[in-house]
Amino acid sequence: MQVISSSFAFEHNLCETMPCLERCTNQKELKQIHARMLKSGLMQDSYAMKKFLSFCISSSTSSYAQNVFDAFDRPDTFLWNLMIRGFSSSHEPERSILLYHRMLCCSAPHNEYTFPFLLKACSNLSAFEETKQIHAQITKFGYGNDVYAVNSLINSYAVTGNFKLAHLLFERIPKPDAVSWNSVIKGYTKAGKMDIALTLFRKMPEKKNAVSWTTMISGYVQAGMNKEALQLFHEMQNSDVEPDNVSLANALSACAQLGALEQGKWIHSYVNKRRIRIDSVLCCVLIDMYAKCGEMEEALGVFKNMKKKSVQVWTALISGYAYHGLGREAIGKFMEMQKMGVKPNVITFTAALTACSYAGLVEEGKSLFYSMERDYNLKPTIEHYGCMVDLLGRAGLLDEAKCIIQKMPLKPNTVIWGALLKACQIHKNIELGEEIGEILIKMDPNHGGRYVHKAKIHAMGKKWDKAAETRRLMKEKGVAKVPGCSTISLEGTTHEFLAGDRSHVEIERIQYKWRTVRKKLEEHGYVPELEDMLLLVDDEEREAIVHQHSEKLAITYGLIKTKPGTTLRIMKNLRVCKDCHRVTKLISKIYKRDIIMRDRTRFHHFRDGKCSCGDYW
DNA sequence: CTAGGGTTAG
C-alpha cells in the first residue's frame with residue numbers, strides 16, 4: 001500500500017473524504033470510502049480513523065467498524081476508548097463490555113476515560129451485575145476518587161434501580177458536583193420516590209442546571225404526576241435557567257397527558273420565539289401533544305414543517321390518526337412514509353394496527369399484520385396480537401380472535417383477554433365472556449375493574465345470582481372501582497367533575513341546567529340507556545346514577561359557561577358509557593355545538609347528532 | 001470522558 005507522504009495531499013484527501021462520509025447512506029458507499037481511505041493513507045490518520053469508525057458505529061454498521069478495528073495491530077488506549085464509547089450508545093451496548101474484556105485479556109492499558117464509557121454501556125443495558133463488576137475494577141485500578149468515574153457509577157446504579165447504592169456512593173464524595181446530584185436524584189425518580197427526589201432537589205447547594213430541572217420534570221411525567229411536572233416547569237421559568245429542548249419536550253409530554261392544549265400551545269410558541277431547534281424528539285412530542293389535545297390539523301402542521309422526518313415522527317402522526325379514528329389517513333401515511341424510504345418499526349405497526357382497529361378496517365389490518373414478518377422481518381409482539389384480537393373482536397369475528405390467541409407463540413396477558421372480553425360484551429357472547437372474566441380476576445385479583453366487567457357480563461345474561469356474588473367478592477377484597485372523572489377546560493382553567501360529585505361551587509346551577517337539557521333531550525325522543533348500568537336492579541336508581549355521570553356534568557357546565565357555538569372540550573379518565581355517548585350526540589345537534597371528547601383510549605368528535613367514531617368504540 | 005428526551009395494544 002502506498003502511503004502518501006506529502007502533507008498537502010493528505011489534508012486534501014481528508015477534506016474530500018470526510019464530507020462523503022457525512023453524506024454516506026449505505027454499506028456500498030461506506031466500502032468505497034473505506035477503500036479510498038486505505039489507498040490515500042488516511043487510515044493512518046487518527047482523526048480520519050476516529051471519524052470513520054464513529055460513523056460506522058452510529059450508522060448501525062457496527063460490525064463493519066468492528067472488522068476495521070480488528071484489523072488493527074496494536075490499537076492504542078484512545079482507539080479502544082473510541083470503540084467502547086461508540087458501542088455504548090449503539091443498539092448493541094454489550095459490545096462495549098466485550099471489548100473491555102478483550103482489553104483485559106491482551107493487557108491493553110486503560111485510562112480514566114475508559115470507565116465512564118463502559119458504564120454508559122451498562123446504563124443503556126440496565127446491567128446491574130456488570131456495573132458492580134466495573135465498580136470493583138474502578139476501585140482496584142485506583143479511579144475511586146475520580147469524579148467522572150464515580151458519577152458514572154452513581155448513574156449506573158441509579159438507572160438499574162439501586163438508589164441505595166447510588167446514594168451511598170454520593171455521600172462518600174467529598175465535593176459532589178451538579179452531575180453527582182442530578183444522578184442521585186435520578187435514582188429516586190427512577191424508583192418512583194418523587195418525595196425524596198424533590199427533597200434532594202431542593203437541598204442542592206450547587207446551582208441547579210437545566211438537567212436538574214428536567215430530571216425532576218421527567219420523573220413526574222413518568223410517575224404520571226403531570227400536574228406536578230407542569231408546576232415545576234413553571235417554577236423553572238421563574239428561575240434563572242432557560243428551558244432547553246429536552247425540558248420543553250418533557251413539559252409537552254405532561255401537556256399531552258393532561259390534554260392541556262393552552263399550555264402546550266404556549267410552549268410551542270416559546271420554541272418558535274426562542275428559535276429552539278425542533279429535533280426529532282421535540283417534533284414527536286409536539287405532534288403527540290396536539291393529537292392528544294384533539295388538534296390533528298395542528299399536529300399535521302408540525303409534521304409538515306419537519307424537514308428530515310424520522311420513523312418516530314411518522315409514527316407519532318399515525319398514532320394521532322389512530323386516536324381520532326382516522327384509519328384511512330393513518331394507512332395513507334404508512335404508505336407515504338415508505339415511499340419516502342423510511343422503514344416502519346414495531347411501534348409504527350402497533351400504531352397502524354390500532355388505527356385499523358378503531359376504524360373497523362378489518363381487511364387492511366389483517367394484511368398489515370401478515371406483512372410484518374413476511375415483508376419487514378419484524379416479529380409481532382404481544383402488542384400486535386393485542387391489536388389483532390381487538391380488531392377482530394370488535395368486528396364480531398370472535399372465533400378468529402380466539403384462534404389468534406391460541407396460535408400465538410406468546411402467553412396471553414391481561415390486555416389480550418381484556419380485548420376479547422370487551423368483544424364478548426359488545427357482541428353479547430355471555431358464555432365466553434364469563435370464562436374470560438374469571439381468567440382476568442385470577443390474573444388481576446386486586447383490580448376493581450375486573451370484577452365490574454365480570455359482574456356486567458353475568459348481568460347481561462340475566463344471571464343475577466352470579467352478578468351479586470361477583471360484587472360481593474369485590475367488596476370482600478376491598479378493591480374499589482376507579483371513579484369516573486371528567487374535566488372541561490374553559491379559558492385555560494380546568495374544571496374537574498367526579499361522578500355523582502356535588503362539591504362544585506356551582507352545582508345547583510348545573511343541576512338546574514341539566515334538568516332543562518334533559519327535557520329537551522326527551523322532546524327529541526331520548527330515553528335513558530341503562531345497558532351499561534347493569535349492576536343495579538332498580539331502574540330509578542340506575543337512572544339517577546347515569547344522570548350524574550361526570551361527562552354530563554362537565555358538558556352541562558360548558559353549556560352554561562360558554563357562548564353559543566363554542567366548541568366544548570371534555571376529557572374523561574374512563575371510557576364513555578353508552579348513555580353519555582347518546583346524550584352527547586343529541587346535545588351536539590340540539591345546541592349546535594361541536595363537542596370533542598377524549599376518552600381513556602380515543603377521541604370522539606360530536607357534531608350535528610353524529611360522532612366521528614361511527615358508534616364503533 | 002460523567003447527568004435530563006420520543007412514538008405503542010386495553
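We use all heavy atoms of the structure for the numbers below, so side chains are in, but hydrogens, waters and symmetry mates are not.
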So if I take residues 159-172 of chain A and measure heavy-atom distances to DNA chain B, which residues fall below 4.0 Å?
none

Go through residues 148-156 of chain A and report each residue with a non-hydrogen atom lying under 4.0 Å from DNA chain B, sorted by number.
A:Tyr148, A:Asn151, A:Ser152, A:Asn155

Can we call the ring centroids of A:Phe69 and A:Trp80 under 6.0 Å apart?
yes

Any base atoms under 4.0 Å from A:Asp599, or only sugar-phosphate, or nothing? Heavy atoms, all strands.
nothing

Charged N-O contact under 4.0 Å between A:Glu434 and A:Lys454:
no

Base, sugar-phosphate or nothing for A:Asp146? Non-hydrogen atoms, less than 4.0 Å.
nothing

Compute both the distance and the angle, then confirm whether A:Lys333 meets the cation-pi test with A:Tyr321: under 6.0 Å from the six-membered ring centre, within 45 degrees of the axis.
no

Classify A:Asp279 by what it touches in the nucleic acid, base, sugar-phosphate, or nothing, heavy-atom distance under 4.0 Å.
base

Min side-chain heavy-atom separation A:Tyr358-A:Arg394 under 4.5 Å:
yes

Bounds of contact between DNA chain B and chain A, in 5' to 3' order, using a heavy-atom cut-off under 4.0 Å:
B:dC1 to B:dG10

Which part of the nucleic acid, if any, lies within contact of A:Ser310, taking any heavy atom under 4.0 Å across all strands shown: a base, the sugar-phosphate backbone alone, or nothing?
base

Quick one: does NZ or CZ of A:Lys292 land under 6.0 Å from the six-membered ring centre of A:Tyr323, within 45 degrees of the ring axis?
no

In plain terms, say whether A:Arg450 and A:Asp444 are close enough for a salt bridge, that is, a side-chain N and a carboxylate O under 4.0 Å apart.
yes

I'd like to know if the side chain of A:His384 and the backbone of A:Thr381 have a donor-acceptor N/O pair within less than 3.5 Å.
yes

For salt bridge (charged side-chain N to carboxylate O under 4.0 Å, His left out), just list the numbers for A:Lys407 and A:Glu400, CA-CA rounded to whole Å, side-chain angles, deciding distance to a tenth of an Å, and then say yes or no.
CA-CA 10 Å; A:Lys407 279 204 290 198; A:Glu400 251 184 273; over 6 Å; no

Please tell me if the side chains of A:Leu574 and A:Asp599 come closer than 4.5 Å, counting only heavy atoms from C-beta onward.
no

By the 4.0 Å heavy-atom rule, please label A:Ser247 as base, sugar-phosphate, or nothing.
base

Tell me what A:Lys292 touches on the nucleic acid: a base, only sugar-phosphate, or nothing, going by heavy atoms under 4.0 Å.
sugar-phosphate

NA contact type, A:Arg602, heavy-atom cut-off 4.0 Å: base, sugar-phosphate, or nothing?
nothing

May I ask you to say what A:Asn81 touches in the nucleic acid, namely base, sugar-phosphate or nothing, with a heavy-atom cut-off under 4.0 Å?
nothing

Evaluate the side-chain proximity of A:Glu295 to A:Leu261: yes if any heavy-atom separation is below 4.5 Å, no if none is.
yes

Determine the contact category for A:Ala322: base if any of its heavy atoms lies under 4.0 Å from a base atom, sugar-phosphate if only primed atoms, P, OP1 or OP2 are that close, otherwise nothing.
nothing

Hey, what's the ring geometry for A:Phe201 with A:Trp213, parallel, tilted or perpendicular (30° and 60° as the breaks)?
perpendicular

